[in-house]
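The structure appears below as structure tokens.
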Amino acid sequence: MSRKLAHFLQFKDFSQEEFDYLFARTRWIKNQFKSYKQHWPLSDRTLVMIFEKASTRTRLSFEAGMHQLGGSAIYLNTRDSQLGRGESVEDAAKVISRMSDVVMMRTFEQDTIERFAAHSHVPVINGLTNEYHPCQIMADIYTWIERHGSIQGRTVAWIGDSNNVCNTWLQAAEVLDFNVHVSTPPGYEVEPERAGLYGTGHFEQFTDPMEAARGADIVTTDVWTSMGFEAENAERMRAFADFQVDAEMMRIAAPDAVFMHCLPAHRGEEVTAEVIDGPQSVVWDEAENRLHAQKALLEYLLIGRCPM
Ligand code: CP
Ligand code: NVA
């Protein structure tokens with residue numbers, strides 16, 4: 001069985017209707033997994049995972065997920081492959097995609113994964129770039145949906161750096177019709193073009209993080225220094241000092257607000273231990289749901305829609 005070649009390089013690559021299917025399928029796949037029911041639609045299929053940056057969750061969830069679907073996964077990194085020795089992305093894409101059924105790539109510039117996908121014979125999934133992290137937000141929105149239902153019309157408060165995870169929340173807001181309140185220090189504001197927004201007015205910027213969090217359904221943040229920006233660390237520590245999610249901020253959010261973080265987290269920097277380890281935090285569900293959501297994604301890209 002095969003289907004038209006499709007990639008997942010940024011959140012807006014799929015429509016609201018496709019996400020509705022994927023979220024329903026994630027629930028179904030999670031239930032099968034929790035009931036120890038074997039589900040092997042991808043037997044004989046191979047996922048190649050290319051990592052140009054470090055990872056715990058993304059590697060584990062894709063590798064375990066592919067095995068649980070009956071397939072196999074191969075891990076490549078820059079250090080041990082010819083990718084780190086100057087072989088072009090285009091050549092690598094042509095070769096790797098002849099020997100596999102699907103590729104997941106974590107890299108620096110979005111342009112690199114776009115070029116890889118343009119020369120790939122098989123679906124390519126973005127496992128994080130400097131610009132986007134679509135698999136993370138798919139799992140995060142599923143985490144909201146499984147607790148509260150639709151995210152449409154809800155408000156997400158993003159506190160801190162307008163990074164890859166923030167950009168993806170912003171794209172998701174346009175696709176799924178919710179609102180994002182963003183509060184960043186001066187000089188770190190959202191760049192709508194880099195975020196790939198259509199300009200549909202689903203986000204608002206706030207100078208005061210407390211105002212961004214006021215009444216929000218989800219309060220979320222991320223590390224102040226993302227991978228690839230380590231040289232700016234000292235400067236960022238100073239710039240972001242007032243952009244910490246703490247208990248006072250959670251109190252100003254909606255009464256049943258949840259706290260989200262893609263992890264890894266730095267307690268005492270972007271979030272206090274009290275919040276991330278407290279009752280409103282859903283970070284462990286977010287991490288686990290990477291597994292279930294990405295299994296739905298792999299199945300969708302390789303087989304298409306399946307009856308539930
Ligand atoms: N959230 C996330 O992508 O984690 P890793 O960097 O561990 O993959
Ligand atoms: N913004 C972080 C996310 C890590 C999962 C980074 O890019 O390093």
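Atoms within a ligand are numbered from 1 in the order they appear, just like the ligands themselves.
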Inset, instruction - Before accepting this row, confirm whether a basic side-chain N of the pair Glu288/Lys34 lies closer than 4.0 Å to the acidic partner's carboxylate O. - result: yes

Legend entry - Salt bridge flag under 4.0 Å for residues Arg115 and Glu90: yes

Legend entry - Closest heavy-atom pair and its distance - Met104, Leu47: N-CD1, 3.7 Å

Inset, instruction - Mind listing the closest non-hydrogen atom pair of Ser61 and Leu291 along with its distance? - result: O-CD1, 3.6 Å

Inset, instruction - Answer yes if the ring centres of Phe8 and Tyr300 are under 6.0 angstrom apart, and no otherwise. - result: no

Legend entry - Centroid-centroid under 6.0 Å between His292 and Tyr142 rings: no

Inset, instruction - Consider ligand 1: state whether an atom of it lies below 4.0 angstrom from any non-hydrogen atom of Arg106. - result: yes

Inset, instruction - Answer with side chain, backbone, both or neither: which part of Leu263 has a heavy atom less than 4.0 angstrom from an atom of ligand 1? - result: backbone

Legend entry - Arg59, portion touching ligand 1 at heavy-atom distance under 4.0 Å: neither

Inset, instruction - If you have a sec, work out which protein heavy atom is nearest atom 4 (O) of ligand 1 and how many Å separate them, to one decimal? - result: Arg57 NE, 2.8 Å

Legend entry - Top protein contact for atom 2 (C) of ligand 1, by heavy-atom distance: Arg290 NH1, 3.4 Å

Legend entry - Atoms in ligand 1 flagged as close to Thr56, the criterion being non-hydrogen separation under 4.0 Å: 5 (P), 7 (O), 8 (O)

Legend entry - NZ or CZ of Arg305 within 45° of Tyr21 ring axis and under 6.0 Å: yes

Legend entry - Ser35 side-chain N/O to Lys37 backbone N/O, donor-acceptor pair under 3.5 Å: no

Can you give me a line-by-line list of nitrogen or oxygen pairs between ligand 2 and the protein shorter than 3.5 Å?
| residue | atom | partner | partner atom | Å |
| --- | --- | --- | --- | --- |
| ligand 2 | 1 (N) | Asn163 | ND2 | 3.3 |
| ligand 2 | 1 (N) | Asn164 | OD1 | 2.9 |
| ligand 2 | 1 (N) | Asp222 | OD2 | 2.6 |
| ligand 2 | 1 (N) | Ser226 | OG | 2.7 |
| ligand 2 | 7 (O) | Asn164 | ND2 | 2.8 |
| ligand 2 | 8 (O) | Met227 | N | 2.8 |

Legend entry - Close N or O approach (Cys262, ligand 1; < 3.5 Å): yes

Legend entry - Residues which pass salt bridge (charged side-chain N to carboxylate O under 4.0 Å, His left out) with Asp217, listed by chain and number, not counting sequence neighbours: Arg154

